[in-house]
Amino acid sequence: MMPIVRTLLLSVVVALAPLSLVAIAAAGEAAVLHGDLGPPMGEPIHAQLTSPPNVPPPVHRSYPAKVIVDLEVREVEKEISEGVRYTFWTFGGTVPGSFIRIRQGDTVEFHLKNHPDSKMPHNIDLHGVTGPGGGAASSFTAPGHESQFSFKALNQGVYVYHCATAPVGMHVANGMYGLILVEPPEGLPPVDHEYYVMQGDFYTVGKYREKGTQPFDMQRAIDERPTYVLFNGSEGSLIGDKALKAKVGETVRLYVGNGGPNLVSSFHVIGAIFDKVWFEGGTHFQENVQTTLIPAGGAAIMEFHSVVPGSYVLVDHALFRAFNKGALGILKVDGPENKAIYSGKEVDSVYLGDKAASNQRSVAAAASAAAKGQLTREEQQRAGETLFAGTCSVCHQPNGEGLEGVFPPLAKSDFLMADLKRAITIVLNGLTGPVTVNGKSFNSVMPPMSQLNDDEVANILTYVKNAWGNQDAQVSAAEVAEIRKTTKRPAGAAH
Amino acid sequence: MRACRSLLAAAALAAALGGGVATGGERASLPAGDFTPVVAPGNDLKSVRVEAFAVDRTPVTNAEFLAFVRAQPAWRRGAAPALLADSQYLAHWQGPLALGPGAGPEQPLTRVSWFAARAYCAAAGGRLPTWYEWEYVAAADELRRDARQDPAFRERILAWYALPSGRPLPPVGKTPANVYGVRDLHGVIWEWVEDFSGLMVSGDSRTQGDPDKLQFCGAGALSAEIRDDYPILMRMALLSSLEANFTTANLGFRCAYGASP
């Protein structure tokens, strides 16, 4: 009886005068620590966790509570890039891990569960915890077991959490990080959209976009030479249908973390200026920011309002990471044009060329037909068209006509049609220097495309040699394999 | 410290469950030798002497362990007390005396506690290998007694960690025999060792330089000698996360024979 009455009374107090409640709690429990808003009140609350890029709804609570967080560690194989598989170690099945949202002063009862299928023990270090190891030693958990520990969130801000089991760098490199947001007692100002993005660097034995299942490369990690630098754990996680979305006139808040393990992020949104950035995830904000630095194991909150419709590209402005290692995402803003603010061509088709929504079914169909030895020219052409759109069309153009004086044409190209072996060699090894095509000279650089497998090169060449008025025989994977065998593969060839 | 307590509390009970006869697999004889373990036994002692001993050529299989529990009702699933084997002990078997589709007879036994593994080895006239014995035999590849400095050897071991978990385990004896004729030390399962709790690293691996933070029962300072031997660091991490009654889906054992070091 008594506890219920007291709870009711407290609820009334909470509803009427949240500030005096803090005073009462402080007096009762001698809570003198900054951020300690007294003992938890009310019924325990089960935290609602979300997968990236989603963020749980605001807390909307005026008293400190006991919040129960259930987080499950899973080791899962997923796509890191198109056709490239990688075994990620995850908090909650995703990279980054589930987003946790609580209120300053909350007491968190944390349950870390390590799935029975896990090979490794894991733990969690939450940067929002005050205490040695951030909970790491208390949460060290064998496969098929569960650990529990509690902490009071004394400091507001957005904090990285990560695994701290040996070898720590490897656990983090495999995707074991995420964000926990500790709201200030009064909450955060309302916005139209909140999104969750986290950068990480990845180290595979195979080169960038080399197909198949790729193991972790310890030496590359030690050398800090990542194969991939990614937002939300896979190339294309924020592209196409999965792009972040907003409408003209809306306010967007991003919670952006950097798991590392090695690189610092120069986070930038092409075409946008952040109205506010709570740099380093702290209490104060800077205004009118173009690029903000997010350290490995750090995070930031940024807000901006959308004015002009279009696609805004999230990048690590250390640009080779963006365009050669995958650190790209899209925020798509829909709405009426605002020519007074911005009028002109958008450039994101170039950035997106590689990722253009493609019908990968045709590629899969060709691969399966090839495996059965029944690959038709039509299947090759369809697959080649898709692959061409993703890999080649940015320079040679979707109509195969190239760009005058820069990129040679493939449509009705005498250079292309004259010599198949030369064409295969150029795709595999690139081409630098002067060539004459249809009587016009070009002096440019094509990077090697050796990340494409033999089937893919054969399909692309079959397509271009039979498109736009060209006509020729099928190109077989065996012909490509023959030339790949006899040419030395340049180091770091993947474009 | 947690592990120490449960070891002491349960040791008498485990002994009371007694021994009997278990069938053992083929054994390999290992010569005595000096070697440098990844974790030094003491501040000034880099090398350890491993005396001659014998060890099972392959991990204990489901079929072998079934024969053991047939002979020893106290170690059957459901009979072994929770203090000695957690709730997932032999959980993948169809029944206490039936392997079923989830546990092939030739597959390595997993979901076994340290206590149960010890009892099995005692019944087979042996014991669990020590950490140093295990590291000594596992340092070898097909041609060399100590291949640990070879990056290719490490990569091969690390490749196992890159494989998704949860797929069926291969039968024992399918990996190449090392120079001693011992198989499956890497790339199949984790294995218990006798002194798994004495080499415990802190639950927070980053405090290894701080002796106050080390949680270990045995004597001697713990410091990793070969800091880039990630396979062994990962093995230590796994063993350190365990209590002696824990079982996991990837953890089994093999027995050693000869005088205890």
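Below, all heavy atoms of this structure are taken into account, side chains as well, without hydrogens, waters or symmetry copies. Sequence lines set the chain letters: A, B, ... in the order given, protein chains first and strands last, and positions in each chain run from 1.
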Chi angles and distances behind the side chain to side chain contact (heavy atoms under 4.5 Å, CB included) call for B:Met234, A:Met120: CA-CA 8 Å; B:Met234 291 165 80; A:Met120 304 299 302; 3.7 Å; yes
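Taken from CG in A:Asn114 to OG in B:Ser241, the straight-line distance is 8.0 Å, to the nearest 0.5 Å.
Residue contact with chain A, scored on non-hydrogen atoms closer than 4.5 Å, involves the side chain of B:Leu158 exclusively.
Remark: the backbone N or O of A:Ser118 is paired with a side-chain donor or acceptor of B:Asn250 at under 3.5 angstrom. With hydrogens and angles ignored, the 3.5 Å screen pairs a side-chain donor or acceptor of A:Lys119 with a backbone N or O of B:Trp160.
Contact between A:Phe216 and B:Glu155 at its shortest, heavy atoms only, is O-OE1, 4.2 Å. A pairwise comparison of heavy atoms in A:Ala142 and B:Leu242 identifies CB-CD2, 3.8 Å as the closest pair.
When A:Ser138, A:Gly135, A:Ser139, A:Pro143 are compared by the number of non-hydrogen pairs under 4.5 Å with chain B, A:Pro143 comes out ahead.
At a threshold of 4.5 Å between non-hydrogen side-chain atoms, the residues B:Arg167 and A:Asp117 do not count as touching.
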